[in-house]
Asker: 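The structure that follows is given in the form of structure tokens.
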Amino acid sequence: MSEVSKGLENVFIKTTSLTYIDGEAGILRYGGYDINDLVENCEYEEIIHLMLFGDLPSASQLQKIKEKTNESYNVPYQVFEVLEKLPHDADAVGMLETAFSMLSSFYNYPWKKDENKWRAIEIIAKTSTLVSNIYRIKEGMKPRLPEPSDSYARTFLETAFSRRPSDEEVKAMNATLIIYADHEVPASTTAALVTASTLSDMYSCMVSALAALKGPLHGGAAEATFEQLKEIGDQSKVEEWFDKKIIKEKNRLMGFGHRVYKTYDPRAKIFKKYAEEIAKTPEAKKYLRIATKLEELGIKHFAEKRIYPNVDFYSGIVFYSLGFPEYMYTTLFALSRVLGWLAHIIEYVEEQHRLIRPRALYVGPIKRDFVPLKYRE
Ligand SMILES: CC(=O)SCCNC(=O)CCNC(=O)[C@H](O)C(C)(C)COP(=O)(O)OP(=O)(O)OC[C@H]1O[C@@H](n2cnc3c(N)ncnc32)[C@H](O)[C@@H]1OP(=O)(O)O
Ligand SMILES: O=C([O-])CC(=O)C(=O)O
């Protein structure tokens, strides 16, 4: 008991049948299915079934998931009232944390094996309502409850923008939802697991997870990556910027590097493909050109250290092309990842529960004689 694993590197905190990562080969599978096949062929609702019930659904099982999401989009009106009272420049992730906290006071359900998974689907549906309405409120629009459509992705876009999205936009949104759905036990999922291990309620677990997701080393990296593209401003400036900011000043290249992948993140490849397809405006194309050049320089410079593009490198260009402002990127990540957070805490509480309570190795003075205040110097 005398070894500290800095950053809990290579510490296994649970077993899982949800997500498999081979960080050397750049392979990601959900329940054994390759991420590329799932993104290409599935709706997000099928991934909800896969993650929560262990397999891809039959047509009737898929229908049941859709019915459950469609009937669960409602949130108490008080949540919208509070979100509308926050300052106009309120942080979007902070708004979502606030909303999850409020829902934990409305739906403080105890853990019950026959109810947990259906409660999880209710949370997934309500997260769509919250994230689309955070966008609406920040853009000065009236909040609105979703009107169910044929898919979770379409309903989300329709609620946010009050217009019918194109099939191409729905396809890109659906892909985003699947790509970000789970990634084993990153910082955010670990935070959710710590909270779940005390048998706290599911919404409180979402608050913990979201707080950990927000940081720029984790889910906040999509915004930070896009910020880099804006700062560079033009493809012709990439080399100069890289030389100054990354080589000379030794800043981290955001959207690059990963604790587990020592090669190209397979999700970054998929996002790149969608970015190429969906970036239609001159501005979006400009960001794509800057990112492509930045990627080239980054790989050349960092390959020796095995630092490559991660999932957040190209996602911002997809979000931008869908019409979302940068401040929404982390909440869009969270919209998808609630599924992974919920699936992991359910797997843990139902199958392998024990309070998570690690130790800290004490390295301070072993014993000191107490000195009363008047004798201290
Ligand atoms: C959804 C996600 O969470 S994906 C990750 C999103 N985060 C980012 O894109 C932020 C940028 N990336 C990083 O900061 C890191 O790669 C992390 C935090 C994601 C993972 O890194 P870790 O496994 O913790 O590695 P650690 O931070 O210990 O770095 C190891 C070495 O690689 C270097 N390194 C790692 N990532 C980067 C980077 N993006 N740019 C420059 N150097 C980097 C470090 O400086 C360090 O170098 P040193 O050994 O010479 O001191
Ligand atoms: O696995 C990680 O540490 C971070 C990550 O890529 C994710 O959460 O999607």
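Both ligands and their constituent atoms are indexed starting at 1 by order of listing.
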Asker: Closest non-hydrogen protein atom to atom 8 (O) of ligand 2, residue and atom name please, with distance?
Answerer: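 For atom 8 (O) of ligand 2, the nearest protein heavy atom is Arg337 NH1, 2.9 Å.
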Asker: Given that the side chain starts at C-beta and the backbone is N, CA, C, O, which of these parts of Asn310 lies under 4.0 Å from ligand 1, counting heavy atoms, or is it both or neither?
Answerer: side chain
Asker: Once you restrict to heavy atoms under 4.0 Å, what part of Asp312 touches ligand 1? Side chain, backbone, both or neither.
Answerer: side chain
Asker: When you look for heavy atoms under 4.0 Å from ligand 1, do you find them on the side chain of Ala187, its backbone, both, or neither?
Answerer: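 None of Ala187 does.
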Asker: How far is atom 1 (O) of ligand 2 from its nearest protein heavy atom, and which residue and atom is that?
Answerer: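 Among all protein heavy atoms, the one nearest atom 1 (O) of ligand 2 is His183 ND1, 2.7 Å.
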Asker: Using a 4.0 Å cut-off to any heavy atom of Phe333, which atoms of ligand 1 qualify?
Answerer: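 So the answer, numbered in order with elements, is 1 (C).
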Asker: Exactly one of Thr189, Ile35, Leu28 should register a side-chain contact (heavy atoms from CB on, under 4.5 Å) with Thr19. Which one does?
Answerer: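 Single side-chain contact (heavy atoms from CB on, under 4.5 Å) partner of Thr19 among Thr189, Ile35, Leu28: Leu28.
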Asker: Kindly indicate whether atom 29 (O) of ligand 1 is approached by any protein heavy atom to under 4.0 angstrom.
Answerer: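 Protein heavy atom within 4.0 Å of atom 29 (O) of ligand 1: present.
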Asker: Given the ring of Tyr180, does Arg337 sit roughly above its face, with NZ or CZ under 6.0 Å from the centre of the six-membered ring and within 45° of the axis?
Answerer: no
Asker: Regarding Lys142 and Glu84, does a basic nitrogen lie under 4.0 Å from an acidic carboxylate oxygen?
Answerer: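 Between Glu84 and Lys142 there is a salt bridge, with a charged N closer than 4.0 Å to a carboxylate O.
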Asker: Establish, for the pair Lys269 and Tyr264, whether the NZ or CZ atom is under 6.0 angstrom from the six-membered ring centre and no further than 45 degrees off its axis.
Answerer: yes
Asker: Does Asp265 approach ligand 1 within less than 4.0 angstrom via side chain, backbone, both or neither, non-hydrogen atoms only?
Answerer: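 It is neither part, as no heavy atom is under 4.0 Å.
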Asker: Is it true that Lys237 and Glu240 have a side-chain N and a carboxylate O under 4.0 angstrom from each other?
Answerer: no
Asker: May I ask you to check whether over 12 heavy atoms, not counting those of Asp114, lie within 6.0 Å of atom CG?
Answerer: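 Yes, because the 6.0 Å sphere around CG of Asp114 holds more than 12 heavy atoms from other groups.
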Asker: Evaluate whether atom NZ of Lys262 has more than 12 neighbouring non-hydrogen atoms of other residues, nucleotides or ligands under 6.0 angstrom away.
Answerer: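 Buried by this count: over 12 neighbours within 6.0 Å.
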Asker: Is it the side chain, the backbone, both or neither of Phe313 that has a heavy atom closer than 4.0 Å to ligand 1?
Answerer: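 Neither; no heavy atom under 4.0 Å.
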Asker: For ligand 1, which atoms sit closer than 4.0 Å to a heavy atom of Val311?
Answerer: 1 (C)
Asker: Between His49 and Asp55, is there a donor-acceptor pair closer than 3.5 Å when you use the side chain of the first and the backbone of the second?
Answerer: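 Side chain of His49 to backbone of Asp55: a pair is present.
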Asker: How about CD on Glu304, more than 12 heavy atoms from neighbouring residues, nucleotides or ligands closer than 6.0 Å, or not?
Answerer: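 12 or below, so no.
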Asker: Between His183 and ligand 1, which residue portion shows a heavy-atom distance shorter than 4.0 Å: side chain, backbone, both, or neither?
Answerer: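 Neither part.
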Asker: Do Leu253 and Leu297 share a hydrophobic cluster, counting only Ile, Leu, Val, Met, Phe, Trp and Tyr and linking them when any side-chain heavy atoms are less than 4.5 Å apart?
Answerer: yes
Asker: Provide, to 0.1 Å, the distance between atom 3 (O) of ligand 2 and the closest protein heavy atom, together with that atom's residue and name.
Answerer: Pro186 CB, 3.5 Å
Asker: Suppose I only count heavy atoms of His258 and a 4.0 Å limit; which atoms of ligand 2 are within that range?
Answerer: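 Answer, ordered by atom number: 1 (O), 2 (C), 3 (O), 4 (C), 5 (C), 6 (O).
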Asker: Could you list the atoms of ligand 1 found under 4.0 angstrom from a heavy atom of Ala221?
Answerer: 6 (C), 7 (N), 8 (C), 9 (O)
Asker: Quick check: Lys305 and ligand 1, any N/O pair under 3.5 Å apart?
Answerer: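 For ligand 1, there is an N or O atom that lies under 3.5 Å from one belonging to Lys305.
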Asker: Does any N or O atom in Arg267 lie less than 3.5 angstrom from one in ligand 2, N or O only?
Answerer: yes
Asker: Could you tell me if any non-hydrogen atom of Gly255 lies under 4.0 Å from any atom of ligand 1?
Answerer: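 For ligand 1, residue contact (heavy atoms, under 4.0 Å) with Gly255 is present.
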Asker: Would you say the side chain of Lys66 lies within less than 4.5 Å of the side chain of Glu43, judging by non-hydrogen atoms?
Answerer: yes
Asker: Using a 4.0 Å heavy-atom cut-off, say whether Ile246 meets ligand 1 through its side chain, its backbone, both or neither.
Answerer: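 Neither part.
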Asker: Can you check whether Met173 reaches Lys171 side chain to side chain, under 4.5 Å on heavy atoms?
Answerer: no
Asker: What do you think, any protein heavy atom under 4.0 angstrom from atom 40 (N) of ligand 1?
Answerer: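 True for atom 40 (N) of ligand 1.
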Asker: Against ligand 1, does Gly298 come closer than 4.0 Å with any heavy atom?
Answerer: no
